[in-house]
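Okay, structure first, notes after.
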Amino acid sequence: MRILVTGGAGYIGSHTCLELLEGGHEVFVLDNLCNSSVEAIKRVKELSGKSFEFFNCDIRDKSGLRAVFTKARPEAVIHFAGLKAVGESCEKPLEYYDNNLGGTVCLCEVMQEFGLKNIVFSSSATVYGRNEPPLSEDMPTGDCSNPYGRTKYMIEELLKDIYASDNSWNIILLRYFNPIGAHKSGRIGENPKGIPNNLMPYLSQVAVGKLAELSIFGDDYETPDGTCIRDYIHVVDLAKGHLCAINRLEQSKGLEVFNLGTGHGYSVLDIVKAFIGTTGVNLPYKITPRRAGDLAAVYSNSQKATELLGWSAQYGIERMCEDTWRWQSNNPTGYED
Ligand code: NAD
Ligand code: UFG
């Protein structure tokens, strides 16, 4: 299939492009590089041994999108492009609504103009809000605690409304849990700009000596060791989930929602111990007060993806730590070296 990947230079997008190329698909990447580097594209080409076109374009630029669609003639879109920093979304909500929501409206309008109605969208476990885990697709959504999360919820609703108005669209909403890890080559991985907000990039930057110490946000939650529990999923497993979603789009019509998680929860301390255990690296850490907005436990029921997409996560927590460390230690300054 000819697949346009918006945000394809980013962390999950680059890993997905590699899996799509290896799965025999034709890939076209569209990204404005606001949170990524063209070096990631180069490395995906190097790893796959295949060439593909990259369009430096913003999803809010309608005429730019039209030019891309005319050239690439995609049969499906995987839509990763978006801003994703929770804290920043609270400080700059308009930027998030404009980029994520406005950008998706623009993208869907151009898709409609070109008669292209196949889309896979990157949603997030954040749409479940305070539901009790394990979280499953039929639970109510929308109780999000920040503007970033609300853009994900609103985009889901927008896509549902498009489908309700025209059921010849084929839409898959993928709700990711916590992606970590990197490709086994150590050539592509997560490359956050500035000081990382998320646990794994922060922890690996401490391990490589870029940051002094990891703060563990709270050890007084109602969990076995008092630290928060999340469903960490290897980014390559997540990327493979997109390949399954594309296969599903080809076979089955309609709008469907799938969780992509492992179904297992690990605490922050579990992750720290697994990282030290698998890498042998020194990792200074301290317990600090809770971070506002964090939930005690978030993990998936991912049975639906297993049953209908034929997908399940293969990699465990040790492998996630090993691959994160290979990427971080080989590229201490990310793509900048
Ligand atoms: P990322 O920042 O690495 O990738 C997003 C890409 O989109 C970047 O390359 C960025 O340059 C591009 N982009 C942003 N705005 C754009 C615009 N207006 N036009 C064109 N390109 C634009 O993030 P990621 O971790 O790879 O996440 C990919 C998607 O998955 C995002 O939509 C994110 O919200 C979603 N998601 C991520 C996580 C996570 O923890 N990483 C969890 C759930 C959902
Ligand atoms: N944490 C620390 N120290 C840090 C960073 C994080 O202790 O320096 C803790 C957090 O308190 C939390 C856990 O590690 O308990 C995971 O935190 P992350 O920031 O890595 O991930 P979140 O679960 O908060 O959120 C992530 C994404 C969201 C997405 C959500 C579900 O940032 O965008 O996963 O997919 F919505």
Side-chain angles (χ1 to χ4, degrees), residues 5-16 29-38 40-41 55-61 64-65 78-87 89 95-96 98-100 102-104 106-107 121-128 135 144-146 148-149 151-152 155 174-180 189-193 195-203 205-206 211 213-219 221 223 227-233 235 238-239 242 259-261 266-269 271-272 285-300:
V5 183
T6 76
Y11 173 45
I12 307 172
S14 55
H15 287 82
T16 301
V29 171
L30 183 157
D31 202 300
N32 68 358
L33 302 177
C34 70
N35 196 39
S36 51
S37 161
V38 78
I41 306 273
F55 301 94
N56 188 337
C57 179
D58 193 297
I59 52 166
R60 293 163 297 179
D61 170 7
L65 284 179
I78 302 183
H79 179 30
F80 292 108
L83 301 175
K84 63 163 185 176
V86 171
S89 79
E95 258 181 49
Y96 274 68
D98 176 41
N99 196 80
N100 295 3
T104 303
C106 202
L107 175 69
F121 171 63
S122 296
S123 189
S124 166
T126 193
V127 301
Y128 288 116
L135 300 163
C144 305
S145 58
N146 57 74
Y148 162 73
T151 66
K152 290 291 167 190
I155 295 167
L174 297 178
R175 294 180 182 153
Y176 311 154
F177 282 70
N178 288 55
I180 59 171
E190 190 167 11
N191 183 38
K193 291 198 170 150
I195 297 187
N197 300 302
N198 298 116
L199 177 64
M200 203 46 144
Y202 199 104
L203 180 158
Q205 291 195 12
V206 171
L211 296 169
E213 189 175 39
L214 173 73
S215 295
I216 295 181
F217 300 141
D219 67 349
Y221 286 94
T223 61
T227 65
C228 292
I229 289 175
R230 295 290 180 273
D231 185 342
Y232 297 93
I233 174 170
V235 67
L238 193 67
H242 293 75
N259 284 340
L260 294 182
Y266 290 94
S267 74
V268 179
L269 276 171
I271 298 292
V272 169
Y285 66 85
K286 64 177 177 206
I287 308 291
T288 62
R290 292 181 180 198
R291 179 173 73 177
D294 278 341
L295 297 169
V298 179
Y299 54 91
S300 69

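Please read all numbers here as calculations on a predicted model, not as lab measurements. Both ligands and their constituent atoms are indexed starting at 1 by order of listing.
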4.0 Å heavy-atom contact, [X] with ligand 1:
{"X": "Ser14", "result": "no"}
{"X": "Ser123", "result": "yes"}
{"X": "His79", "result": "no"}

Of the listed options Asn197, Ile12, Asn32, Asn56, closest to atom 27 (O) of ligand 1 (non-hydrogen atoms)
Ile12

Give yes or no for whether the N/O distance cutoff of 3.5 Å, strictly under, is met between Thr126 and ligand 2.
no

Below 3.5 Å, N or O to N or O, backbone or side chain included: is there any such pair between Met200 and ligand 2?
no

Using the ring pair (Phe, Tyr, Trp, His ring centres under 6.0 Å) rule, take His242 and Tyr176 through it: C-alpha gap first, then chi angles, then the decisive distance, then the call.
CA-CA 11 Å; His242 293 75; Tyr176 311 154; 5.4 Å; yes

Quick one: nearest non-hydrogen protein atom to [atom], plus distance?
{"atom": "atom 11 (O) of ligand 2", "result": "Asp294 OD2, 2.6 Å"}
{"atom": "atom 7 (O) of ligand 2", "result": "Phe217 N, 2.9 Å"}
{"atom": "atom 15 (N) of ligand 1", "result": "Asn99 ND2, 3.0 Å"}

Report, in ascending order of atom number, the atoms of ligand 1 lying under 4.0 Å from any heavy atom of Pro179.
39 (C), 40 (O), 41 (N)

Any N or O of Ala81 closer than 3.5 Å to N or O of ligand 1
no

Is Tyr232 near ligand 2, meaning one of its heavy atoms is under 4.0 Å from it?
yes

What's the spacing between Asn35 CG and Asn191 CG if we round to 0.5 Å?
8.0 Å

